[in-house]
Amino acid sequence: MSYDLVVIGTGPGGYVCAIRAAQLGLKTAVVEKRPAHGGTCLNVGCIPSKALLHASEAFEEAKSHLKDLGISVGEPTLDLGKMMTFKQEGIDGNTKGVEFLLKKNKIDTFQGLGRIAAVGQVEVSGDDGSKQVLETRNIVIATGSDVTRLPGVEIDEKMVVSSEGALELPQVPKRLLVIGAGVIGLELGSVWRRLGSEVTVVEYLDRILPGMDGEVAKQFQRILGRQGFQFKLGTKVTTVERRNGVASVTIEPAAGGTSENLEADVVLVAIGRVPYTEGLGLEHVGVQKDNRGRIQTDEHFATNVTGIYAIGDVIDGPMLAHKAEDEGMAVAEILAGKAGHVNYDVIPSVVYTYPEVASVGKTEEELKEGGIAYNTGKFPFTANGRAKVNRTTEGFVKILADAKTDRVLGVHIVGPDAGNLIHETAIAMEFGASSEDIARTCHAHPTLNEAVREAALAVEKRAIHM
Ligand code: FAD
Ligand code: NAI
């Protein structure tokens, strides 16, 4: 069989790349080792975590907040099995959707492990031991990432779990200890806290959510603290031992010092992810990786070997589904002779907790480090009519604009629906907007988006409701 393009891996990077390539007339095939398409994102990442975040938020609403709205539902009870079925149905709906789209676009699908046998050849090994070789003009590697392991801490997906195990716990742990105050730790920590766990987060650095704007992270930590999260920052886990059905976790200050023991029923290791290239045969064809195991590519996603490209989590950049998708579209367009491009300055990032945290562009720390002069406009949700009436007033919107040109350089939001709010600013930034452009745009009342406009007005110190 001979193709214009074979894509290895059908996560958000790979399947989107294949669809765009087929739209542009390339004869395309995909190879996927999982039984279902959609990669980490649909099977064990974005989609299942959002299903549990949604369901657990509804549980907490029913338990603690509905009565304030004059709604009595009695004490809600948890049927965790049903909640997991709800999650699985969400996964299945999405993975079947991808299967349908691949078929609709006449993309050939091969299930099995893909290995680059030679330039222009992908060998597919099926679970049943079968092997076939696909001839192709181009190969796109979209094999994603895997959990980072903590040396000396064995993940059994029962007592010591990765995000995969944390999405399938058979019961609510009384005490959940999370290693890593990044996105996974805080999202999945939120799920289990809402369902009843006492959650302690151990973080190596002296802050949560590294990479996010420092002021936002600080405020967010306070909010999570009020929800019941315990934080041990500037702390490292040295060992996790299993004793009589309990995890005994030894921690000590990151800089060294006296150690302490904590007990937990479940330990979640969430200290990042690493590119996944196992079994691909990269060494065999000479594809270069960097010192962090990422496949090295140029600005057109080409590796050092002609005809082999790579996108998504397996290359440099934020490990986000939408970044992988955009790279998938861009590389397909490049292969079809068009000008595919990704604007890495405007990739939004969202933490889907309550409240949400969302960010696009530069943080204050980055601007300071780059010596770029900027003005700041901030507006709290306590002064937004819709947030006030809904009693969702925690957090703020912060807009950072170039001091000389007023061009918006970064936007950071902690607050209700931040993940949706961020997009009006992402579009503005894509169009090179100034903060004045956002401030001059009429925003419907009463909406949370008015807080974004007020933050833009605040850049020139003329917010109305503050
Ligand atoms: P993947 O989605 O990892 O897909 C790679 C695919 O390649 C897999 O299906 C794998 O089976 C297959 N594969 C690997 N090697 C081979 C081979 N040799 N042959 C055949 N197939 C192979 N990102 C967001 O933007 N928003 C979120 O809300 C979000 N939530 C997340 C929650 C969790 C718990 C986790 C773990 C991640 C989350 N992410 C989220 C990150 C997101 O899942 C990844 O950034 C995204 O999936 C990367 O897409 P990808 O296509 O590069 O790789
Ligand atoms: P992360 O990189 O977001 O956070 C890992 C955290 O662990 C960091 O705070 C880091 O300082 C800390 N850490 C590292 N080593 C440690 C150690 N030994 N002890 C204690 N703390 C340690 O990684 P995370 O949360 O595992 O997520 C992986 C990837 O998945 C991220 O890159 C993220 O982009 C993606 N993801 C995205 C989501 C979203 O967009 N909403 C949701 C979940 C994951």
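Counting convention: from 1, in listed order, for ligands and their atoms alike.
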Just need the protein heavy atom nearest to [atom], so name the residue and atom and give the distance.
atom: atom 7 (O) of ligand 1; value: G9 CA, 3.2 Å
atom: atom 26 (O) of ligand 2; value: G272 N, 2.8 Å
atom: atom 5 (C) of ligand 1; value: A142 O, 3.3 Å
atom: atom 13 (N) of ligand 1; value: K33 CE, 3.8 Å
atom: atom 42 (C) of ligand 1; value: C46 SG, 3.9 Å
atom: atom 41 (C) of ligand 1; value: M319 O, 3.6 Å
atom: atom 3 (O) of ligand 1; value: T40 OG1, 2.6 Å
atom: atom 51 (O) of ligand 1; value: G13 N, 2.9 Å
atom: atom 32 (C) of ligand 1; value: G45 C, 3.3 Å

Requested in this report: Please say whether E187 places an N or O atom under 3.5 Å from an N or O atom belonging to ligand 2.
Outcome: yes
Query raised in the report: Could an N or O of ligand 2 be found under 3.5 Å from any N or O of L150, whether backbone or side chain?
Result: no
Report task. Dump the intermediate steps for side-chain contact (heavy atoms from CB on, under 4.5 Å) on V191 and S49, then the final yes or no. Result -> CA-CA 8 Å; V191 165; S49 60; over 6 Å; no
Requested in this report: Identify whether NZ of Lys or CZ of Arg in K27 sits under 6.0 Å from the centre of the six-membered ring of Y3 and within 45° of that ring's axis.
Outcome: yes
Query - Main-chain N/O of T363 paired with D213 side-chain donor or acceptor, under 3.5 Å - result: no
Query raised in the report: What atoms of ligand 2 come closer than 4.0 angstrom to any heavy atom of L205?
Result: 11 (O)
Option of least heavy-atom distance to [atom] (set: [options]):
atom: atom 49 (O) of ligand 1; options: G312, S162, P12; result: P12
atom: atom 52 (O) of ligand 1; options: L320, D313, V7; result: D313
atom: atom 14 (C) of ligand 1; options: T10, L167, I47, T143; result: T143
atom: atom 27 (O) of ligand 2; options: V350, V147, I184; result: I184
atom: atom 17 (C) of ligand 1; options: A166, G114, S49, G11; result: G114

Query raised in the report: Are any of the side-chain nitrogens in D316 or R294 under 4.0 Å away from the carboxylate oxygens of its partner?
Result: yes
Query raised in the report: Is G112 in contact with ligand 1, taking contact as a heavy-atom separation below 4.0 Å?
Result: yes
Query raised in the report: Mind checking whether K50 has a heavy atom under 4.0 Å from ligand 1?
Result: yes
Heavy atoms only, cut-off 4.0 Å: how does [X] contact ligand 1, side chain, backbone, both, or neither?
X: R273; value: side chain
X: P48; value: neither
X: N43; value: neither
X: S163; value: side chain

**Report entry** Atom indices of ligand 1 within 4.0 angstrom of S145 heavy atoms, with elements
**Finding:** 3 (O)
Query - Shortest non-hydrogen separation from M329 to R20 and the atoms involved - result: O-CG, 3.9 Å
Requested in this report: Could you tell me which non-hydrogen atom of R194 sits nearest to which non-hydrogen atom of T353, and how far apart they are?
Outcome: NH2-C, 3.8 Å
Query raised in the report: With only distance considered, is H322 within less than 3.5 Å of ligand 1 through an N or O on each side?
Result: yes
Requested in this report: Check the pair E168, K87 against salt bridge (charged side-chain N to carboxylate O under 4.0 Å, His left out), reporting the backbone distance first and the verdict last.
Outcome: CA-CA 10 Å; E168 328 225 274; K87 178 199 71 175; 3.5 Å; yes
Report task. Hey, could you give me each pair passing ring-ring contact (aromatic ring centres under 6.0 Å, His included) that has a residue in residues 206-234? Not counting sequence neighbours. Result -> F229-F231
